[in-house]
Structures are given as structure tokens and as C-alpha cells.
Chemist: 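Take a look at the following structure, please.
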Amino acid sequence: MRRITIPELSLVALVGVTGSGKSTFARGHFASTHVLSSDTFRAMVADDENDQSATEDAFAALHFVAGRRLRAGRLTVVDATHVQREDRAKLVALAREYDVLPTAVVFDVPLAELRDRNRNHRDLADHVIRRQHEALRRSIRHLAKEGFRKVHVLSTTDTEVVVEYEKAYNDKRELTGPFDIVGDVHGCHSELVTLLTRLGYVVTEDGAHHPEGRTAVFVGDLVDRGPDTPGVLRLVMGMVAAGTALCVSGNHENKLVRALDGRKVTVSHGLGESLAQLSDEPAEFRESAREFMYGLVSHYRLDGGRLVVAHAGLKEEYQGRASGRVRAFCLYGETTGETDEYGLPVRYPWADDYRGQATVVYGHTPVPKATWVNNTICVDTGVVFGGELTALRWPTRELVSVPAEKVHYEPVKPLAAPRRPRDLLRIDDVLGTRHVDARLMGRLKVREENAAGALEVMSRFAIAPQWLPYLPPTMAPCATSTTDGVLEHPAEAFAAYRDDGVPHVVCEEKHMGSRAVVVLCRDEQVGRSRFNAQDGAAGAVYTRTGRSFFDDPTELLTRLRAAATKADLWSTLESDWLILDAELLPWSAKAEQLLRRQYAPVGAAATAALPAAVAALENAAARGTDVTALLTKHRARLRNASDYVSAYARYCWPVKGIGDIKLAPFTLLAAEGRVHATNPREWHEQLLNRLTDADPDLLRHTRRTTVDVTDPTSVAAATDWWTALTESGGEGMVVKPAVTPSDRLVQPGIKCRGRDYLRIIYGPDYTEPENLARLRQRALGRKRSLALREYALGMESLTRFVENEPLWRVHEPVFAVLALESEPVDPRL
Ligand code: CTP
Ligand code: MG
């Protein structure tokens, strides 16, 4: 009986002349779904399994299916002759693409026998059999070189063959620990003994065991640089032999083996120390150490697949796979091709993109403290460089570290990158594709091109980032109304919150001005100490894109400060500073150019031309010409045009000084120690009413009404309130949850704009039925998603600010809000 082993996950090529028994073997030894046969695929693409003209298409389909199977981690057997090298090369390439092992099973049958069988099999011309046979004979001894990791040659005497499956070397899923995963040791024997002892191991010179049966897992780089590489090897080799430890290979073991084998390697990065120390050891030890290191597997899957250990980490698609590039990734990681200021290769931050299920524990890159990044953690804390030796306990995820006894080896670059000054922003904080973790929503992505756009805007126009702890989010409108003559109506806003399980909402008047964020400090000293402002100011007033409203905001800030003091906000909030979300009026103060260039010319042209047109049509009608339709249309357009002009005219008045400015604060965003934005609306109302009462000439109240969206009477009253508000020239309202739900994310506000106000947005004639029908097609999904993401980022930046995080951390989500604003969303929403 002949036993052959096949890796559980491999691409098996059956190799043999026609009639050599490949299909017979496949039927007897593999499940039918494992086998992809060229005959079957010929039949599939050409309805005839003997149609040689379909060969190319058949193989294209076969390779496609094989690729999908391998990607999914399924054993795949290809039944085709494979007597030509180029046919086999395609399979080897396919196996490499999916990082599985290519295996060849060869059917070596004498020519006479093949001729014999051919007569009853396919009955091909004799020269075909002969040529295939010659090609096969020539191929057999080159298969390993071609890349087949296992080659089994079966002859006619192998009448009984048993296929046995071999687990991948890296598959230790049956081991459940508990484990102690130890970072890079680099010859620091003494610290290793201390750590193992601390972890509860009983340590001897050539081994260690844990009374509770724990298993140590070493992430590689046991050797080089440190004072006692042989001691570390002896200890770990003993543990591995006794089954109390596992060890994966590090790049240093890989290189040390090559040096011990007498291969030409550059003796650097502490290799010299290892070679010197090992030369003092007996030859047998050197040999067994070489064997040990040579045999180290590059990664392990443990604990049912929940844990992966690899020296430099491992991305998800490589886990459990075997190929040169998987091994290279495990040993070295990937690099970006750049070098840093110390001349060292810049490592590609694979962990930032990691989304895998398995936890990956690795070493390789010394870090000051082991920190989780997505489900991955680096436990190399640079003991040899004077840092610590760290272990992660699994499954409890507890970190245990012991300090280095000294700096054993001077690092090329500082282990702990010098702590970044709190106020330093770096270009690579914002460039490229960004991922920002916002606690309300998780990880949010900022596209590279949007980040580039935001950088442009930020660096040209925005105020100093110290004054910019927040940018307000965009706000989604209510769902499009089907009510006659309007595009937006309160019913949809209320329904949205009812569906979201928010029964109590507040309708707030939407002031028609420009969004303004006010940072207000009690004095310049607070500006310096809390905001680290360099400009000697005591606050800032800025727009949605971070631009200052005024060349010099001092006058406005002084008035606001006086009001805040009079209203006793400083002691109420126990803070020397506060941040307000507000609307600054008039609209024309910021939007003057927009008005002059866009709205006013449209209004002026329409109100000049349309009366003339109407007059001409009236004359024509008086003379008896039937122009009824045209006249009706032009009268409507004239009405629309004058409504349009009065719509924007209401929001404009000349501004000569601060006396002409009005500010309507509607939310107190934050103050020392707390983000207040999510406080109940009533809290904001009371506090801000106190503030506005303190300076009614400057500050405007926000009119409000509360609604129970489950009560039709309450809804009807609020609808009337909105109608009255918008018919008397109001822009509209914003509906907000009376209390922000703490267990889920809902829209922080939904706007519902007035019929006439929307003329400014959609054009004077948008209310004409044919226009409304078209405009009702608007899609709101992106706007809603954007509003939520920007809101989460805004809350994130405020939280980071009140938690005193460094400027770059606060700035990160602020910048992201601005970047998200370049996402393509209908600007009229
Ligand atoms: N056969 C045999 N002894 C074996 C294997 C096969 O006599 N040990 C016979 C089969 O019964 C069949 C013929 O040889 O009649 C061809 O076998 P098959 O498995 O179909 O050969 P393949 O290698 O698959 O040939 P092809 O490349 O033409 O598909
Ligand atoms: Mg066959």
C-alpha cells in the first residue's frame, strides 16, 4: 500500500499522459467537488468534452473557479494532462497567488500500457501518446524546481494508494493555552528569566514550565544584540522541546542560521555579538541551535483560530497560508519603499488596515508601550535597547512587563520617539487616506483627495488651529414632502423622530444668517493657558469652514464676555471659557458677495423684465389676442420673482459696526471639563436665555416650541407654529431631540425650511407644479450619512479638547469634518 500526503490546503495538479489513470484516481480519492477536470470545463464551455478548440476557454474558466476555491481556502485538484511545463507553470502561479502549496501527483505509466489503454479510451493517434509520454518523462525530475512543494510519482505497481491530509505547520488551532506571548528577547536572558518568573513559570537553565500548564509563545528575535543569546536559546529550546513553549521565527533567527551555514551575510544589527557568543559554545549546541532556528515556523494560528502570532504581524488574507511572500511578511512585514530620517525602512502600517477576526500578536518594531491597534498588538518593547520585556497573557489580554537591566545596545533611533510637543501639527497627520476613530460612530474614513482639498482650505483661510476645536456638522433636511405646493413640511421631520423612537422634540427657529462658532475666554490669559493661543486674543468667532468672521473680533468678544459675566455663566459652568454654536446675522454680513453676484442680479433682472412682459401681454389681450396661458404664466413668474427678492431681502441689512450685528446662540457646546452639546435642549434654552437677556441688543433669543410627536394635537400645533413662522419670513426650523438618546445615534437635528425661503435655494419658480414634481426626486441618503458622520466627528473633537488631548488629536476630527465637506452631496439639501 502506498501512502501519499497532501497539505490540507493545496492546489493539486494531476500529471499524466492521456489514459494514465488521472480521472480514475480522482474519482477514487477526492470528493467530486474538489476536482476540476479539463474535460468537464470543455463540456461546459463548448458542449463537448473532446472539443480541443475549446481548450483555451475551458482553462480560463477552470482557473477562475480554482482561484475562487483557493481564496476561500478549499483544497482544489486539477485533472488535466499537465505534461507540458507551461501548463504546470500556470498552476504554480495560481497557487502562489493564493499562497497555498502546489502539489503534483504524477502517473508514470509505461508507454506500452498507455498504448494499450488508449485503444479503449480515447483512441488517439499513436504519435500523440508517444509525444505526451516523452514530455512527461522529461518533466518528472524538474517538478520540484518548477515550484511544486510536494511531488508524488505513482507507478503501475502502486495499485493501492491512500491519500493522507497534512495539517499546515502553522495550524495549531487545537492548542487553547492559556498563553503568555513574549516580545522580542534579543539575548536578554536575565530579563527573560525575571519575566517568566513573574508570569509564574518555574525556570531552570534549559527550560521552564508553568504549574498551571500555561504555554509561552515567543514572537521571534530571541537572538542578536543582547548579552546572552546562547542562554536565551538554551532556555527556549528546552521549553519548546518540553512542550511548554512555542516559538515563531524572527528575521534575526533567519539571518543567524544563514551566517551559521557559512552563507555570505552582512554582520550587522547585533549579529556579530551572537556569532561571538555562540563560538564559545560547544559545537553540538551550535548545531542544535541552528537546527532549532532553521525549523521555526513563521506564524501560528492558535486557540481555535482566534489568535495569530507572527514576528512582524500578519494581514488577514495571509493567515494560515504558506508561501514565500507570507513568510517574508511574517519575518519582515511590508515596507513602503521609503526610508525615515534615520535611514531605516518605513514600515507599511498594515495594522491600521487590519479588520480580521483573529487577534494578531507580534513584535519586530520596538514600541515604547504595547498598544492595541484594531485587534492587533505589538509586544516588542525594546528590552535590548533599555526598554522593557513584555508578555501578553491570553485570553485575558493582560500585559506584564519587566524593565531592562540596562541599555544593552544603543538604538539607531530613539525607542520612544521624542514626545511630540502638545501643539505640533504635522503634515502627515492630515495627508493621505485618513481613518479617524470617533467614539460615537467608530472608525470614519477620510478620502485622500478630500484631505488634500481640506488642507488647501485650512492652510489658506482658516484661523489658527488652537482656536479651532470644533467645526459644526452639516444638517440633513426632512424627507421630501408630498404635500401640495411644498418641498419640506414638518410632518416628515416629526415622523423621522417618531420612527427613531424619540417622542419628545424641540422645534427651534432657524435664524437666517451664517453659522458662527464662538470660542469665548474670560481673558487673554485663559486664551494663552487653555488654548495655547499665540495671538494674545481671548477668543475667536469663525465660520463653518474655520474662517474668521472679523478682521478683529475683539469688540464682539468683549460684549459677549460682559454678557456671560452678567449672566453668571462662568460660575454656573465652573469654567473660564465656553464654546457657543450660533447664527450670526445678518446673512449679508458674510454672504455679501454671494448676494451681490448671484441673488441680487437674478432678482433685479426678473423684476425689471417680467413687469414689462406682463404689460405687453396685457396690451395684447386688450387688443383681443388670446394670450391667456402666457399671461397666467408670466404673472406667476412675476409673483415668484418678487417673493424671491423679499425672501433674501429680509436677511440683509447694512452692517457699519457691531451695533448692526446680531448673534443668536442656540447651543452651548462645551466648557472646562465637559462637552455640554448633548445636554437636554431645555438646559441650553435656560442657560442661553440668561445670556441673551444680558445683552438683548446684541443677542437674539431663539424661538422654540416643544412637541410630542406621538400626539396629533401637539403635532398640529407645532405645524401651525412653523407655518406662521415661515409665512412671516422665517427661514424655517430645526427639530431636535429634547433629550439626546444615549444608547444610539440619531440625527442631532433635522431642518425643515419654509416655502419662500427655499426660493433662494431652488430658484424663484421652484413652486410651479412641474418644477416641484422634478425636485421631489431629490435623494437624501448621502446628506444624512454625512450629517451623522460630521456630528460624530464634532463631538469627538470637543471631547478630545475637554480631555486636554494634544492639539493634533483635537485637530484630527476637526480637519476630517472639513474634508468630509468635499464629498459630493447635493448642495441644495
Ligand atoms: N485504467 C487502468 N488502470 C488504472 C487506471 C486507469 O486500466 N490504474 C484505465 C481506465 O479504466 C480507463 C483508462 O485506463 O479505461 C483511462 O483512465 P482515466 O483515468 O480516464 O485516464 P486519464 O489519465 O484521466 O486520461 P485523460 O487524460 O485522457 O482524461
Ligand atoms: Mg481523464
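Source: prediction; values computed, not measured. Note that ligands are numbered from 1 as they come in the structure, with each ligand's atoms numbered from 1 the same way. One-based numbering along the sequence shown.
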Chemist: Looking only at protein heavy atoms, identify the closest one to atom 26 (P) of ligand 1 and say how far it is in Å.
Modeler: R122 NH2, 3.2 Å

Chemist: Tell me whether the rings of H29 and F25 are parallel (<30°), tilted (30 to 60°) or perpendicular (>60°).
Modeler: parallel

Chemist: Just checking, is any N or O donor in the side chain of D221 or H311 under 3.5 Å from an acceptor N or O on the other one?
Modeler: yes

Chemist: Can a protein heavy atom be found under 4.0 Å away from atom 4 (C) of ligand 1?
Modeler: yes

Chemist: Report yes or no: is the cationic atom of R325 (NZ for Lys, CZ for Arg) closer than 6.0 Å to the six-membered ring centre of Y318, at no more than 45° off its axis?
Modeler: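 Because its charged atom misses either the 6.0 Å distance or the 45° angle limit, R325 does not stack over Y318.
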
Chemist: Is S23 close enough to the Mg ion (ligand 2) to have an N, O or S atom under 2.8 Å?
Modeler: yes

Chemist: I need the contact type for K22 against ligand 1. Using non-hydrogen atoms and a strict under-4.0 Å cut-off, is it side chain, backbone, both or neither?
Modeler: both

Chemist: Just to confirm my output: which protein heavy-atom neighbour is closest to atom 8 (N) of ligand 1, and how far is it?
Modeler: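 Scanning the protein heavy atoms, the shortest distance from atom 8 (N) of ligand 1 goes to R117 NH2, 3.7 Å.
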
Chemist: Test your reading of the structure: does S23 have an N or O sitting under 3.5 Å from an N or O of ligand 1?
Modeler: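 For ligand 1, there is an N or O atom that lies under 3.5 Å from one belonging to S23.
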
Chemist: Among all the protein's non-hydrogen atoms, which is closest to atom 25 (O) of ligand 1, and how far away is it?
Modeler: G19 N, 2.8 Å

Chemist: Could you give the distance from CD (E316) to CZ (R321), rounded to the nearest 0.5 Å?
Modeler: 10.5 Å

Chemist: Do you know which of T103, T81, V105 makes side-chain contact (heavy atoms from CB on, under 4.5 Å) with L14?
Modeler: V105

Chemist: If we check side-chain contact (heavy atoms from CB on, under 4.5 Å) with V153, which of these qualifies: D108, D158, L143?
Modeler: D108

Chemist: Between the side chains of R74 and T33, does any donor sit under 3.5 Å from an acceptor?
Modeler: no

Chemist: What residue and atom, counting heavy atoms only, is the protein's closest point to atom 11 (O) of ligand 1, and at what distance?
Modeler: T24 OG1, 4.6 Å

Chemist: Does G16 reach ligand 1 with a nitrogen or oxygen that is under 3.5 Å from one of the ligand's nitrogen or oxygen atoms?
Modeler: no

Chemist: Atom 15 (O) of ligand 1: protein heavy atom closer than 4.0 Å?
Modeler: no

Chemist: Can a side-chain donor-acceptor contact be found between H152 and R2 if the only test is distance below 3.5 angstrom?
Modeler: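 There is no such pair (donor and acceptor under 3.5 Å, judged by atom type) between the side chains of R2 and H152.
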
Chemist: Side-chain donor-acceptor pair under 3.5 Å between D79 and S23, yes or no?
Modeler: yes

Chemist: Considering only the protein, which heavy-atom contact is closest to atom 20 (O) of ligand 1, and what is its distance?
Modeler: H121 CE1, 3.3 Å

Chemist: Taking heavy atoms and a distance under 4.0 Å, where does V17 meet ligand 1: side chain, backbone, both or neither?
Modeler: backbone

Chemist: To which protein heavy atom is atom 21 (O) of ligand 1 closest, and what is the distance rounded to 0.1 Å?
Modeler: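 Of every protein heavy atom, G21 N, 3.1 Å lies nearest to atom 21 (O) of ligand 1.
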
